[in-house]
Structures are given as C-alpha cells and as structure tokens.
> 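Attaching a single structure in structure tokens format; questions to follow.
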Protein chains: 2
Amino acid sequence: MDDRLRRSMPLFSMGIVQNLTGLTARQIRYYEENALIEPERTEGNRRVFSFNDVEKLLDIKSLLDEGVNLAGIKHVLSSKPVEANQPLNVVKQKKSDLSDADLMKYLKSELINAGKFGDQAAIQGEFSRFFNQK
Amino acid sequence: MDDRLRRSMPLFSMGIVQNLTGLTARQIRYYEENALIEPERTEGNRRVFSFNDVEKLLDIKSLLDEGVNLAGIKHVLSSKPVEANQPLNVVKQKKSDLSDADLMKYLKSELINAGKFGDQAAIQGEFSRFFNQK
DNA sequence: TTTTTCTGTAAGAAAATGTAACATAGTTTG
DNA sequence: CAAACTATGTTACATTTTCTTACAGAAAAA
C-alpha cells in the first residue's frame, strides 16, 4: 500500500531520464515548465525524477509521436472527457448581442431555408430536436 | 432506430454551420482536409453537413479552446487510451544498436548509480519491477 | 578538473488560421 | 427568364503560435 509512495520517490537524474525516455533535457524541462511533470529538486537544485515522472514522460513521448501538442497531452493525461454538448450549444460571437430568443428565431429562419439542400421531409422532425425541448 | 440515419442526414450549409459552431469556413474546410469530418456534397460541390458533423465540430471547438491541436483532437475523439507502457519501455535511439541484453546491462549500471540521489534503500525493490520480470 | 545540469535567450520548423484572387453555384428580383 | 447578388469552392501566400534545438555562462557533482 506504500506503492504510491514508492512510485513517487525521487530516484533518477536528468541524464538517466533522457536515456530512459529518449527525450532531450530541454524537452523535459519544457514539459515541467508547462506543468506536465513536477520532479523534485536536490539541495543543489538538480531535478530528481520518480517512477511516476518517468512513466508520465513515456506517455508524453508516445503522444508526442502522434503529433499531439502539450495542451492535448494535458487533456489526455487528465482524461477529461469531452464535455457532452447540450442539445444545441449555439455559439453567438459575431452576431454577439442577440438574446437567446432572437437567436432561436434566427436559427429557425435559417434552418427553414435548409430545405433547399436535401429534399428530406424529415427536416421538420429534426427541428423538434432543437426547439421543442425545454 | 433510424436515429443513426437521421443524425447523419445532410442538412446544413456552410454558412449555417459557421453560425452554429462559431468556426470559420476556413477552419471547417481545414478540419475536413484532415479527416475530422466528412460532410456530403451537393451536385454543385457545396458541402452539406449532418447533425453528427455539427456535433463533432462543437466538440472540436471546445477542444480547440483548450489549445488542443488536430492530432490531439483526433486522439480524443477516437478516444484511444494512452497505450499502457510496459514495465519499462526503454527508448534506444542514440545508443541505437545495442542488443536488449546490452541495454539492460547499461540500465542496471546506470540505475545502480541512481542510489546517489535519494538514500532510500528501497531502490533495490524497485529494480525488481524493472528487471525481475519476464 | 571535468562532467552534468541549471537558467535564459535566440533561431528555426511546423501547424493553424487569416487573407486574397478568382471561378462557379444558388438565389433573388425586375 | 436574365441580370445581379451572395455564398462557396479552390489555391496560394502571409502571419501567428508552439515546440524544438542550439548556445552561453554559472553552479553542482564527480
């Protein structure tokens, strides 16, 4: 049960971690700057990494290889799910100062026009999904 | 049960999707280029988006707001878990042509040195995690 | 003393978006 | 219907941001 402790025990120097992960020291420091890891420090200010740090760096490495950027890596490592978006999470911007009611009116009028595209009569049915709830 | 069908039915024009999502046409086209969405086309080559497309774009939008890049978004939307890394997924590179055995030897010698940092006697225990399996 | 590591800064590459030019589709109106 | 708009499409180039690499000087560790 002190596994948690053992895994966060500071053990590895920068040089070793470079070899273990294949990341450069500069990269590792950069990731620390961006709060992806938080290695301990010696009295002399050298970083000392734990197993957790190393494993996290290995995860980071594999995500980097996929081209995922730091923000993405943060997201994945903290595995926030994508917040489920509401029935319709309309973004206002531009037409910014519309009231919700106005916005809905706008959408309805726009959407009615959508009829031109496909000729599916089901459009009416879809509207209910957007407008008939709440 | 034809919900699936309804949700993938092409309904929305580019302009409407811009308003619904707050993304620019340029962005939306770029995401299509990168295979995040696959809107249908009219005979005249205009894009027509489904509900699924719009919802995906809303997810993309919220990830973008977090600073996640396309690779990251792809990863999240397909929600691949980070592949669990093996007990020690050593990266060779640089010292590239070592055999696995040589590499293990190298790691052991390096790791033994690690003792200098912390003075925790538990290091020996940790080694087993790395070397005593398989 | 020699080797590592630290911080900071600058230069370079790549990703994402903006912008502009010009063609075609679809809509609206006289 | 035909002329006039407006929305979209494609392509190419410019700009911004993010990440990596390289370098310099100082301190720590061997």
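Proteins get letters first, then strands, A, B, ... in listed order; numbering begins at 1 in each.
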> By side-chain contact (heavy atoms from CB on, under 4.5 Å), which residues pair with B:Glu40, not counting sequence neighbours?
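Listed in chain order: B:Pro10.
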
> Using a 4.0 Å cut-off on heavy atoms, which residues in residues 28-41 of chain A reach DNA chain D? List them by number, or say none.
A:Tyr30, A:Tyr31

> With the side chain counted from C-beta on, respond yes when B:Leu64 and B:Leu23 share a heavy-atom pair under 4.5 Å apart, and no when they do not.
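Heavy-atom side-chain distance check passes, below 4.5 Å.
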
> Scan nucleotides 21-26 of chain D nucleotide by nucleotide, 5' to 3', and note B when protein non-hydrogen atoms come under 4.0 Å of the base, S if they reach only the sugar-phosphate, - if neither.
BB----

> Quick one: is B:Thr42 getting a side-chain N or O under 4.0 Å of the C:dG26 phosphate, OP1 or OP2?
yes

> By side-chain contact (heavy atoms from CB on, under 4.5 Å), which residues pair with A:Tyr30, not counting sequence neighbours?
A:Glu33, A:Asn34, A:Leu70

> Checking side-chain contact (heavy atoms from CB on, under 4.5 Å) between A:Phe49 and each of A:Leu20, A:Ile28, A:Thr21, which is the one that passes?
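The residue from A:Leu20, A:Ile28, A:Thr21 that satisfies side-chain contact (heavy atoms from CB on, under 4.5 Å) with A:Phe49 turns out to be A:Ile28.
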
> A:Asp53 and A:Ser50: side-chain donor and acceptor closer than 3.5 Å?
yes

> Might you list the N or O atoms of the protein lying below 3.5 Å from N or O atoms in nucleotides 2-5 of chain D, with each pair's distance?
none

> Closest to the B:Leu64 side chain: C:dT17, D:dC19, D:dG9?
C:dT17

> Would you tell me if any nitrogen or oxygen in the side chain of A:Arg47 comes within less than 4.0 Å of OP1 or OP2 on C:dT5?
no

> With B:Glu32, which residues qualify under side-chain contact (heavy atoms from CB on, under 4.5 Å), at least two apart?
B:Ile37, B:Pro39, B:Arg41, B:Arg47

> Taking side chain as C-beta onward, heavy atoms only, is B:Glu66 less than 4.5 Å from A:Lys74?
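When only atoms from C-beta onward are counted, A:Lys74 and B:Glu66 do not touch, as no gap falls below 4.5 Å.
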
